[in-house]
Protein chains: 2
Amino acid sequence: MTRKEEIVGTASQLFKEKGYSAVSVRDIAQAMGMKAASLYNHIESKQEILSILVLDLAREFTSGMNKILILDNSPLQKIEKVIELHIDITVNQSEALAALNNDWMHLEQEDLEDFVQMREDYEENFRKIIKEGIRVGQIQPRHPEVILFSILSTLRTLYLWYQKRGKLDVNVLKKDMVAVMLRGIV
Amino acid sequence: MTRKEEIVGTASQLFKEKGYSAVSVRDIAQAMGMKAASLYNHIESKQEILSILVLDLAREFTSGMNKILILDNSPLQKIEKVIELHIDITVNQSEALAALNNDWMHLEQEDLEDFVQMREDYEENFRKIIKEGIRVGQIQPRHPEVILFSILSTLRTLYLWYQKRGKLDVNVLKKDMVAVMLRGIV
DNA sequence: ATACAAAACTAACGTTTGTTAGTTAAAAAA
DNA sequence: TTTTTTAACTAACAAACGTTAGTTTTGTAT
């Protein structure tokens, strides 16, 4: 773990609690046990920290989705894989996920464009899986947008609940969440 | 609509886009077509704006939940009412909802305590409805926490999707969301 | 021991922040 | 018409912001 990675990691914890804008470089430095100016031996700017956190994670989602798309699975199986992808990332990188969810709009220029593009592509891929599922009769013929947003909302905010509730076993969580989201609660 | 309410309303739109910390009082003033100092003829502080937005809405949720609890309905019917409560509030106050979701942690002192208490109570009430539903066999016997967080996540982030997708009819939305969340998609 | 690189430091910069004080213009009440 | 109230203004404040420059300490390799 390089010093730079330590800084990014420390910053991500603070960002998770208060958000990017409310965390100063002096806050980050203090949490690292150093002075603000010293950070700049390792990073280019505060922006760079956000960029690393958000874009690296966005690429991970993109790559995960691409792997799922090329599998020879049914739409329903693909959705299960997507759910598992989110849970795995949540468990391993909940802090970066907070930044991706809440602070992406503070990215600048190409970083912002890249992120928005990746997110649009991701949602579009997910939407296509759902539509295909409806087409082949595996999924109820409801408004795909409602299904998409309902599942994605739950997955995207999982990081807020996981760990608060005593860190459920990951496999139990996957099973329960798949069940609740696919088959409902009734 | 008093001048103060106009300011709070304008601020809430900006908070929704960039978050409380990233919006300056000069930003708010500019959006109102006045100078920053002039705002203080109407408000006490930037904090007060946030406090009004978040706490007023939190009280609305609390009061809505209390009305649902005293109804002589089955657990499942109560959950439907909760879903409808969220959708109604989302449609009418999506900006304040953004502040409640993303900026509540920037409240101070008693305001912060009050909010956290109200949110805990709200979740606890919802949890009890779910548990009762499981007890009487109306709801599948899964981990109540997963059900609670799954539904609440979807409801809390609805404001991000509503209006982006061409403002679906509210009643259609209620019907579809109840269906997806209660009976799943399979 | 000497040299070199890495990583900390102090000091300071120009901006932006939320907010206050005091003043002025316009509208409403007397 | 005078008085009062409301709501804008200009000017300025101290504090906090992200960042830079230059210097010193620390650890490693020669």
Side-chain angles (χ1 to χ4, degrees), chain A residues 1-55 95 98-99 102-112, chain B residues 1-55 95-96 98-99 102-112 115:
Chain A
M1 176 106 112
T2 70
R3 206 84 176 104
K4 180 168 182 173
E5 288 168 335
E6 285 185 57
I7 293 171
V8 172
T10 301
S12 73
Q13 290 179 256
L14 298 176
F15 292 167
K16 183 181 181 184
E17 285 169 25
K18 309 202 294 171
Y20 175 76
S21 301
V23 174
S24 71
V25 293
R26 283 169 180 83
D27 291 334
I28 300 170
Q30 190 175 41
M32 287 288 297
M34 57 170 77
K35 291 297 162 73
S38 307
L39 292 174
Y40 289 83
N41 285 315
H42 308 279
I43 60 161
E44 284 188 353
S45 62
K46 188 189 173 191
Q47 261 290 311
E48 195 205 5
I49 299 178
L50 183 66
S51 173
I52 291 172
L53 279 172
V54 175
L55 288 184
E95 284 83 15
N102 306 321
D103 292 316
W104 61 268
M105 70 285 280
H106 299 116
L107 290 170
E108 289 173 356
Q109 294 132 31
E110 311 92 40
D111 282 347
L112 180 58
Chain B
M1 177 106 109
T2 70
R3 207 83 176 105
K4 180 168 183 174
E5 286 168 336
E6 285 185 58
I7 293 171
V8 171
T10 301
S12 73
Q13 290 179 256
L14 298 175
F15 292 168
K16 183 182 181 182
E17 285 169 25
K18 310 203 295 171
Y20 175 76
S21 301
V23 174
S24 71
V25 293
R26 282 170 181 82
D27 291 334
I28 300 170
Q30 191 174 39
M32 287 288 298
M34 56 170 79
K35 292 296 161 72
S38 307
L39 292 174
Y40 288 84
N41 285 314
H42 308 279
I43 59 161
E44 283 190 354
S45 64
K46 189 188 172 191
Q47 260 290 311
E48 195 206 4
I49 299 178
L50 183 66
S51 174
I52 291 172
L53 279 171
V54 176
L55 288 184
E95 285 82 15
N102 305 320
D103 292 316
W104 61 268
M105 71 285 280
H106 300 117
L107 291 170
E108 289 172 355
Q109 296 133 31
E110 312 91 40
D111 281 347
L112 180 58
F115 172 80

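Protein chains get the first letters and strands the later ones, always in sequence-line order, with residue 1 at the start of each.
- Applying the 4.0 Å criterion to OP1 and OP2 of D/dT6, one finds that B/His42 has every side-chain N and O outside that range.
- No donor-acceptor distance shorter than 3.5 angstrom exists from the side chain of B/Asp111 to the backbone of B/Ser51, with no hydrogens or angles considered.
- In this structure, CG of A/Leu39 is placed 15 Å from C1' of C/dA6, rounded to the nearest angstrom.
- In this entry the distance linking NZ of A/Lys35 with C1' of D/dT24 reads 14 Å, nearest Å.
- In this structure, CZ of A/Arg26 is placed 12 Å from C1' of D/dT20, rounded to the nearest angstrom.
- Within 4.0 Å (heavy atoms only), B/Arg3 reaches sugar-phosphate atoms of the nucleic acid but no base atom.
- As a whole-Å value, the separation of B/Tyr40 OH from D/dC13 P is 18 Å.
- Looking only at side-chain heavy atoms (C-beta outward), A/Trp104 and A/Leu112 come within less than 4.5 Å of each other.
- Taking 3.5 Å as the limit, the base of C/dA6 and the side chain of A/Asn41 contain no donor-acceptor pair of atoms between them.
- B/Ile43 CD1 to B/Arg3 CZ: the interatomic distance, rounded to the nearest 0.5 Å, is 12.5 Å.
- Following rounding to the nearest Å, A/Ile7 (CD1) and D/dT19 (P) show an atom-to-atom distance of 13 Å.
- Each of D/dT19, D/dA12, C/dC9 was ranked by its minimum atom distance to the side chain of A/Ser45; first place goes to D/dT19.
- A heavy-atom distance below 4.5 Å is not found between the side chains of B/Gln47 and B/Gln109.
- To the nearest angstrom, P of C/dG18 lies 17 Å from CD of B/Glu44.
- The CD1 atom of A/Ile28 sits 8 Å away from the P atom of D/dG18 (whole-angstrom rounding).
- Listed pair A/Lys46 / D/dG18 meets the phosphate criterion, a side-chain N or O lying under 4.0 Å from OP1 or OP2.
- Comparing C/dA11, D/dG18, C/dT17 against the side chain of A/Ala37 picks out C/dA11 as the nearest.
- A/Ser38 comes within contact range of at least one nucleobase, with a heavy-atom separation under 4.0 Å.
- Relative orientation of the B/His106 and B/Tyr20 rings is parallel, given thresholds of 30° and 60° on the angle between their planes.
- Taking 4.0 angstrom as the limit, B/Ser24 places a side-chain polar atom (N or O) nearer than this to OP1 or OP2 of C/dT17.
- When rounded to the nearest whole Å, the span between CD of A/Gln30 and P of D/dG18 equals 13 Å.
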